[in-house]
Structure formats: structure tokens, C-alpha cells
Amino acid sequence: MKNDFYKYQAQTTPHPLALEISHAEGSYIYDTSGKKHLDFVAGVSACTLGHCHPRVVSAIKNQVDKYLHVMVYGEYIQEPAVELAKLLSENLPKNLNTTYLVNSGTEAIEGSLKLARRATGRTQILYANNAYHGNTMGSMSVMGFEERKNAFKPLVPDCFPVDFNNEQDLQKITSETAAIILETIQGGAGFIQPENDYLKKVRQRCDETGTLLILDEIQPGFGRTGKLFAFEHFGIVPDILVMGKGMGGGLPIGAFTASHEVMALLQDNPKLGHITTFGGNPVIAAAALATLQELTETDIIQQTLEKEKLFRNLLKHPLIKEVRGRGLMLAAMLETPEIASQVILACKEEGLILFWLLFEGRALRITPPLTISNDEIAEGCKLLQIVLNRVK
Ligand SMILES: Cc1ncc(COP(=O)(O)O)c(C=O)c1O
């Protein structure tokens, strides 16, 4: 299998981890040699309820027995998609009441950028340095990491950077600006949180200039930071909310949510302003609905903050300089990228899955399933301590 993986499947780096998967359950992934790996990464924040959560699997199986794809998005009334959009609206502020379902995070970002241009009649989009919003052309145009963009230029015009958490830069938001897009907590940059009421100041400047605020919650959303969406920590509400990753409980999905009035602009002038064949797919929507039901009917999200405390207590070691992030979106910061890589690879051998962050090489990504138990947290942190003690 390994040879065929390298030979036939396109690769993203010259050095994939190449763990050969047999099956996965709860907080563990099992490889084909029978070895068990404790998962502190959750498919990069995607497996919110762990692997193969029974409620999600059962929702998928029920739906598979009824119907799969029947029509392009938006034409037919399919219960899982309708119920998902409705439950989201019930759990969001009043202006975020209409959801457009797509297939991935980056596609949801594309939709949000198009919607902002359509709604304002303006073209300029601002984004933050070190931001990551996905890898299609539009999302890359608002990526704040030039080195990764250069090979693919020219990208979408009229997109300009600001510094995250920089109040002065907010003057760049003007009556020419359609939208500013920000991650509520910057992921790839190293789990950087907004400080000094930054998001309130962004909101205020947007209101002054008629600019839309797009918040990308593809990673922090769906409970990961101790609230259903991270913007709830910061006392503001975006005009467009973008989600994905953990929303699908392990299946591919993305969505953007706005007011009914704004979203309606995509259906006319031009008609079919945003279309997708598979967006809102019934099996995937059923999995996302089950995930959202589980999150909103239990105390999993509240427990996230207790689990953060446990992690912070156990992540004490002379090599760990700082633990960044919130809830179960944590980054243990080491001194150099070389040490971080050494630790991630050594942990893999010990049966603990850790991973890198996109633009911050010194970080150990710790984004486990929200369902991880206290014992599993202790077990993983112990393995990490063993590895850290071996670092030269
Ligand atoms: C904050 C953020 N935005 C957008 C994306 C892109 O999502 P996808 O990989 O589903 O296209 C990601 C994925 O890592 C992300 O973390």
C-alpha cells in the first residue's frame, strides 16, 4: 500500500507522515500493524466528537438507507440540510439566520467573499497578515503569507493585508472596502487570539464604513474554544460567519451564514450567483446535524474549558515556553522549529499524534477530539513529557 500511496496518490509534501490506517474509534487511530495512536490532532480539528461517534455514524447509516445525492444544491427540499440550517440559526445571533451549505472550508470562504462584493457593490477585501483561509484562488488571495502565494500569482485583485491586533491598521478599512475577513483566532499563525478588544474595534470601524465583517471560524467553530463559535467570547457578531472542518463530524462540509436579506442577493441579479452540485449533500448534512445536536444537547462544549485547564497543568516542561490558544485549540510553543519537528516525529513513534501549524514552525498542535477523556489527556501528556525529556 505504501508504494502505491507514493506512486498513484498526489502528495502535498515530500515527507508525509504515511501512517497506514486500519480503523479509528473515539480518541484513537489504529494502524495496519495493530498499533494504537492517541489522537491529539483530530484530523486537524475536524473530528469534533472523536472518531466514528455512534450518533454521527447512526445518522449517516439512516440517511444512506433513504437517499444519497438527488439534485444540485437549493432545488429540492431535503430534510437533513433544512434541519441543519435551522438548528444553526437557533444557536446563532438573530442576524445570522440563513446558511448556505457547501463542500469544504475554502469553498465557503469563496462564497463569503463573493457575497460581500455582491452585497456592498465594492471590490476591496482586507485580510490579516499570517491568515489562512484555504487554498483555492480566492482564499489564497486573502492568505497572509506571501511566500506560499507567489508561485500562483496573479490572484484575485483588490485584496490587501492588515496586521492582526493592530488598531492603527483599522484605518485601512474605508468606504471602499467590501469586507474585512479575519479568523476569530488565527490558526496557522500560531493560535493568536484577538487582544485589547480588537474585534470590537474592527466591528466599530466596519459599521462606520459600511464594510462587512467576515469571521472565519472554520477551525475554532463548533465548540472547540469552549463556545459554539469563538466570536461569542469577544462580544461582537460578524455579518458573515464561515464554518467547516469540525462541523461535519468527520465528513467534508463548509458553510457560510448571513442574514436572510444579504444571502438572498445570491439568488438574483445575477440568478444562480453561487451554485454547487454537492453542497448540502444529505448524508453529509445528516452527519453535521447529528454533530450539532450532540454539541448543543450535552455539556461537551463547557467541558472543553475544564480540559484546557488540565492540559495547561500537564503541559509544563522546561522546553515548553508557552501554551497558546483557548479550549481545545492549543499550541505548545517550543524554542525552534527543529525541536518541534523532532518532538512530533518522536511522539508518533510513541503512539501519540501531534502535528505542525501551517506558518508557525515552533508549535506543537494540540487539537484533540472534544470528547477526549481526562485519562486520555493525562496519558498523552505523559508520553509527550517522556519525549521532551529525551530531546538533546
Ligand atoms: C481557518 C481556516 N480557514 C479555512 C480553511 C480551509 O478549509 P478546507 O481545508 O476545508 O478547505 C482552514 C483549513 O485548515 C482553516 O483552518
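Each ligand, and each atom within it, is numbered from 1 in the order the structure gives.
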Trainee: Under 3.5 Å, is there a donor-acceptor pair linking the side chains of Asp31 and His37?
Mentor: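 A donor-acceptor contact under 3.5 Å links the two side chains.
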Trainee: Could you pull out all donor-acceptor pairs under 3.5 Å where a side-chain atom in residues 22-29 meets a protein atom, sequence neighbours excluded?
Mentor:
residue : atom : partner : partner atom : Å
Ser27   : OG   : Glu376  : OE1          : 2.8
Tyr28   : OH   : Glu379  : OE1          : 2.8
Tyr28   : OH   : Glu379  : OE2          : 3.2

Trainee: Considering only heavy atoms, which protein residues lie less than 4.0 Å from any atom of ligand 1?
Mentor: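 Correct list: Ser104, Gly105, Thr106, Tyr132, His133, Gly134, Glu183, Asp216, Ile218, Gln219, Lys245.
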Trainee: Can you give me every donor-acceptor pair (side chain of residues 74-82, partner residue at least two apart or in another chain, under 3.5 Å) with its distance?
Mentor:
none

Trainee: Between the side chains of Lys271 and Asp268, is the shortest nitrogen-to-carboxylate-oxygen separation below 4.0 Å, so that they form an ion pair?
Mentor: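 The answer is no: the pair does not qualify as a salt bridge.
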Trainee: Could you tell me whether Arg203 and Asp239 make a salt bridge, using a distance below 4.0 angstrom between a side-chain N and a carboxylate O?
Mentor: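 Counted as a salt bridge, because a side-chain N and a carboxylate O are separated by less than 4.0 Å.
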Trainee: Ignoring hydrogens and angles, write down the donor-acceptor pairs under 3.5 Å from the side chains of residues 254-265, residues two or more places apart or on other chains.
Mentor:
residue : atom : partner : partner atom : Å
Thr257  : OG1  : Thr99   : OG1          : 2.8
Ser259  : OG   : Val262  : N            : 3.1

